[in-house]
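From a predicted model like this one, the values you see are computed outputs, not experimental measurements. Residues take their numbers from the sequence shown, with the count starting at 1. Both backbone and side-chain heavy atoms feed into the values below; hydrogens, waters and symmetry mates do not.
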Amino acid sequence: MNKTAIASLLGLLFSPGIFAADSIYSDNVVVTASRIPQSRENVLADVTVIGRQAIERAGQSSLAELLSTQPGIEIESNGGPGATTNVHLRGTSSQAVVVLIDGMRVGSATVGTTALNQIMPEQIERIEIVRGPASSLYGSDAIGGVIQIFTRHGEGKPRFIASAGVGSYNTRQAAAGISGAVEDTHFALNVSSLDTDGISSIKARTGRDRDNDSYRNLSFSGSLSHTIAKGHEIGVQLFTSDGHADFDGNNFPANQDMQQQSFAIYSHNQFANNWLSHLKAGESMDDLHSVGSFGVSSLRTKQRQYSWQNDLTLPLGTLTLAYDRLEERVSGDTDYSKKDRSNNGVLASYVLEQGSHAFKASLRRDDNSQFGKHNTGNIGYGYRLNEFWRVSGNYGTAYRAPTFNDLYWPFQDFGFGFTYQGNPNLKPETSRNKEVSVVYDQGHHRMSATAYRNEVSNLLVCCQGLPQDFPVNVGSATIQGLTLAYEGWFANYHLRSSADFQSPKNDDTDKLLVRRARQHGSVWLGQTWGKLEIGSEMIASGQRFNDADNVFKLNGYTLFNLTAQYKIDDDWSINARLNNLFDRDYALATTATAFSP
């Protein structure tokens with residue numbers, strides 16, 4: 001796959017300008033790391049928060065590209081805007097990360113991933129990334145960690161925001177929203193659109209596949225909440241994204257219609273001074289309709305979700321008790337032998353912040369209708385050496401349930417003795433993770449070093465390359481790594497950088513796991529002159545392999561992006577973005593192998 005990023009996007013924004021802040025933290029509260037609000041400096045997990053300001057100034061056009069600049073994250077993509085895109089968090093598989101939108105799981109239960117290409121940055125208020133095992137808080141799939149996306153919400157005096165832009169490849173983009181609070185009612189409505197001719201996913205000199213693969217998206221998010229009495233709030237939230245993408249289909253007309261939705265109602269109730277209850281019910285949907293050389297197919301996942309969480313403030317620390325229920329159902333053209341399953345999870349979590357000491361512990365038990373009961377846990381301790389330095393350690397277990405494709409894919413005969421089918425006897429993939437961190441934080445400068453070792457057992461692979469093929473649990477993998485990160489201010493300069501050094505290997509073959517590099521990192525440098533801010537960014541990745549045997553190489557690459565913002569007044573600003581400054585050709589995936597787990 002040949003990938004050249006969209007270059008230059010210019011727009012006018014009717015919104016507050018984004019310039020240097022007094023602190024590196026645009027949002028000093030983290031929720032995802034423990035399911036309760038914590039101050040950023042007290043969180044023991046390896047966490048990154050991307051605020052709205054950072055999203056505005058980023059030299060990226062998509063959510064996946066934005067995530068690729070963050071510590072511990074690699075992406076793989078099958079093309080330009082709208083193409084299938086997956087995330088590897090700390091070297092784990094693309095199915096080993098939980099993605100939440102406003103607390104709701106989103107994604108496909110058939111392939112086990114989330115359509116990140118469908119989530120537009122214009123809809124996002126902030127992103128919280130938790131690296132490391134989190135199944136003891138969120139259940140299945142959180143071996144690599146959790147990415148939670150919070151859509152734009154309403155606070156303060158009502159205000160209107162709007163933006164519009166044009167760019168290369170006939171790219172047109174627009175967004176508008178209104179949000180705020182009126183007495184005890186908070187509201188937010190946001191809509192965005194993207195239309196681009198895109199690029200060709202496959203480097204073809206002749207035939208239909210040499211054309212550009214266009215993409216268009218229309219997204220909407222909204223929320224409404226009301227405080228009915230002091231300490232008692234009810235609300236509703238909605239997210240929906242509709243996309244249409246053309247793709248290269250072996251010289252046949254090929255396209256996909258994609259829809260992603262999330263809807264929930266909730267109630268927050270302060271029943272006593274030390275008892276806060278959170279009750280939520282909702283449903284998410286992932287819908288895909290494809291047309292290509294293979295014919296026409298449709299596939300839909302619905303996930304009904306219920307959660308009741310109780311936060312109890314104790315004389316020392318906070319105890320969280322929660323019950324989660326997840327009901328998954330798939331439908332479409334594929335005749336799965338089983339189309340639904342459910343999971344009940346109960347958890348207890350304890351967080352203590354006392355002087356120089358910080359402690360956390362969590363334990364969860366899941367009961368799944370397909371593979372039975374599973375227990376996970378996590379424990380961590382941190383000690384503040386002085387005002388600026390802290391050391392911490394964490395140990396946790398996690399697991400990943402097999403997908404519907406893994407378990408129930410119907411028997412297929414490809415002819416010439418080649419067949420494929422699912423394996424209902426698969427076991428969950430499990431992991432044990434140990435890590436230590438050293439953090440220096442004095443407000444304007446933050447440095448961290450995190451070393452980890454993640455041992456994955458019952459490794460799930462979708463295929464073995466056999467004539468009569470099926471998914472299996474094979475051996476184990478060990479992922480060892482070191483993540484270095486820095487963010488800080490120097491006068492009117494803002495610097496953010498990270499570097500990852502990892503060894504994600506299959507223990508049985510001693511080969512690198514598919515599409516994961518040994519080194520990757522990024523550097524962003526911004527400078528402000530009065531009303532003008534200029535940003536430059538470098539993203540680099542080492543060599544990877546497209547197959548489990550490490551035969552087909554994907555070369556390393558280095559990309560450069562530039563951004564600029566000029567603040568006209570408090571409401572108007574002009575923005576420009578130039579992605580892939582040197583027009584570098586690079587590949588994040590290839591069709592060189594028939595089987596790429």
Side-chain angles (χ1 to χ4, degrees), residues 5-28 40 47-73 121-122 124-129 161 163 165 167 173 440-448 483-500 520-541 558-582 584:
I6 291 178
S8 78
L9 182 66
L10 179 65
L12 289 173
L13 278 78
F14 182 68
S15 61
I18 307 300
F19 286 90
D22 294 331
S23 169
I24 64 173
Y25 301 126
S26 58
D27 191 331
N28 202 36
R40 175 66 181 84
V47 172
T48 294
V49 179
I50 310 172
R52 185 62 211 172
Q53 292 183 357
I55 296 172
E56 292 281 2
R57 63 162 61 98
Q60 303 298 331
S61 301
S62 69
L63 171 60
E65 291 174 328
L66 176 63
L67 292 174
S68 72
T69 66
Q70 305 305 311
I73 290 183
E122 291 75 22
I124 301 173
E125 182 68 27
R126 79 178 192 276
I127 304 169
E128 294 182 2
I129 303 168
I161 60 172
S163 67
Q173 186 173 329
Y440 172 82
D441 189 347
Q442 55 89 274
H444 288 280
H445 302 279
R446 187 179 195 275
M447 297 182 293
S448 66
T483 299
L484 305 176
Y486 169 82
E487 186 171 7
W489 292 94
F490 300 90
N492 59 333
Y493 289 92
H494 180 193
L495 176 65
R496 183 180 67 249
S497 63
S498 67
D500 279 273
H520 59 93
S522 68
V523 178
W524 187 90
L525 177 64
Q527 185 176 12
T528 304
W529 296 279
K531 294 183 177 182
L532 177 66
E533 182 182 68
I534 301 293
S536 57
E537 182 175 62
M538 180 189 75
I539 303 169
S541 176
T558 302
L559 307 177
F560 292 89
N561 306 317
L562 294 177
T563 63
Q565 182 184 74
Y566 181 77
K567 183 179 179 183
I568 300 173
D569 55 30
D570 290 340
D571 292 324
W572 288 91
S573 64
I574 300 175
N575 296 268
R577 180 169 61 234
L578 182 61
N579 287 354
N580 198 2
L581 175 64
F582 299 109
R584 175 73 184 273

What I'd like to find out is whether the side chain of Glu537 reaches to under 4.5 Å of the side chain of Arg496, using heavy atoms alone.
yes
Using every non-hydrogen atom in the two residues, find where Trp489 and Tyr486 come nearest and quote the distance to one decimal.
N-OH, 4.4 Å
Is a side-chain N or O of Asp441 found less than 3.5 angstrom from the main chain of Gly443, in a donor-acceptor match?
yes
Excluding sequence neighbours, so at least two apart, what forms side-chain contact (heavy atoms from CB on, under 4.5 Å) with Ala64?
Ser62, Ile75, Thr85
First locate atom OG of Ser498, then atom CG of Leu484, and finally report the distance between them rounded to the nearest 0.5 Å.
9.0 Å
Would you check if Met538 and Thr558 make a side-chain contact, meaning some heavy-atom pair closer than 4.5 Å?
yes
Minimal heavy-atom distance between Arg40 and Val47, with the atoms involved, is NH2-O, 2.7 Å
Only one of Glu128, Gln70, Arg126 passes side chain to side chain contact (heavy atoms under 4.5 Å, CB included) with Ile50, and that residue is Gln70
Sequence neighbours excluded, which residues qualify as ring pair (Phe, Tyr, Trp, His ring centres under 6.0 Å) partners of Tyr493?
none
Contact summary for Thr69 and Ile539, nearest pair of heavy atoms:
CG2-CD1, 3.5 Å
Side-chain donor/acceptor of Arg577 to backbone N/O of Gly167, under 3.5 Å
no
So which heavy atom on Thr528 is nearest to which on Asn492, and how close?
O-ND2, 2.6 Å
With side chains defined as the heavy atoms from C-beta onward, is the minimum distance between His494 and Trp524 less than 4.5 Å?
yes
Taken to the nearest 0.5 Å, the spacing of Arg446 CZ from Glu487 CD works out to 9.0 Å
Supply the atom-to-atom distance Glu56 CD to Ser163 OG, rounded to the nearest 0.5 angstrom.
7.5 Å
Within a strict 4.5 Å, meaning less than it, do heavy atoms of the Ile534 and Trp529 side chains meet?
yes
Would you mind reporting whether Ile127 and Thr48 have side-chain heavy atoms less than 4.5 Å apart?
no
Look up atom OG in Ser536 and atom CG in Leu578, then write down how far apart they are to the nearest 0.5 Å.
12.0 Å
Nearest-0.5 Å distance that lies between atom CZ in Arg52 and atom CD1 in Ile124:
7.5 Å
Sequence neighbours excluded, which residues qualify as side-chain contact (heavy atoms from CB on, under 4.5 Å) partners of Glu122?
Met120, Gln173, Ala175, Ser192
Can you confirm whether Phe490 sits close enough to His445 that some side-chain heavy atom of one is under 4.5 Å from a side-chain heavy atom of the other?
yes
Rounded to the nearest 0.5 Å, what separation is found between the OG atom of Ser522 and the CG atom of Asp500?
9.0 Å
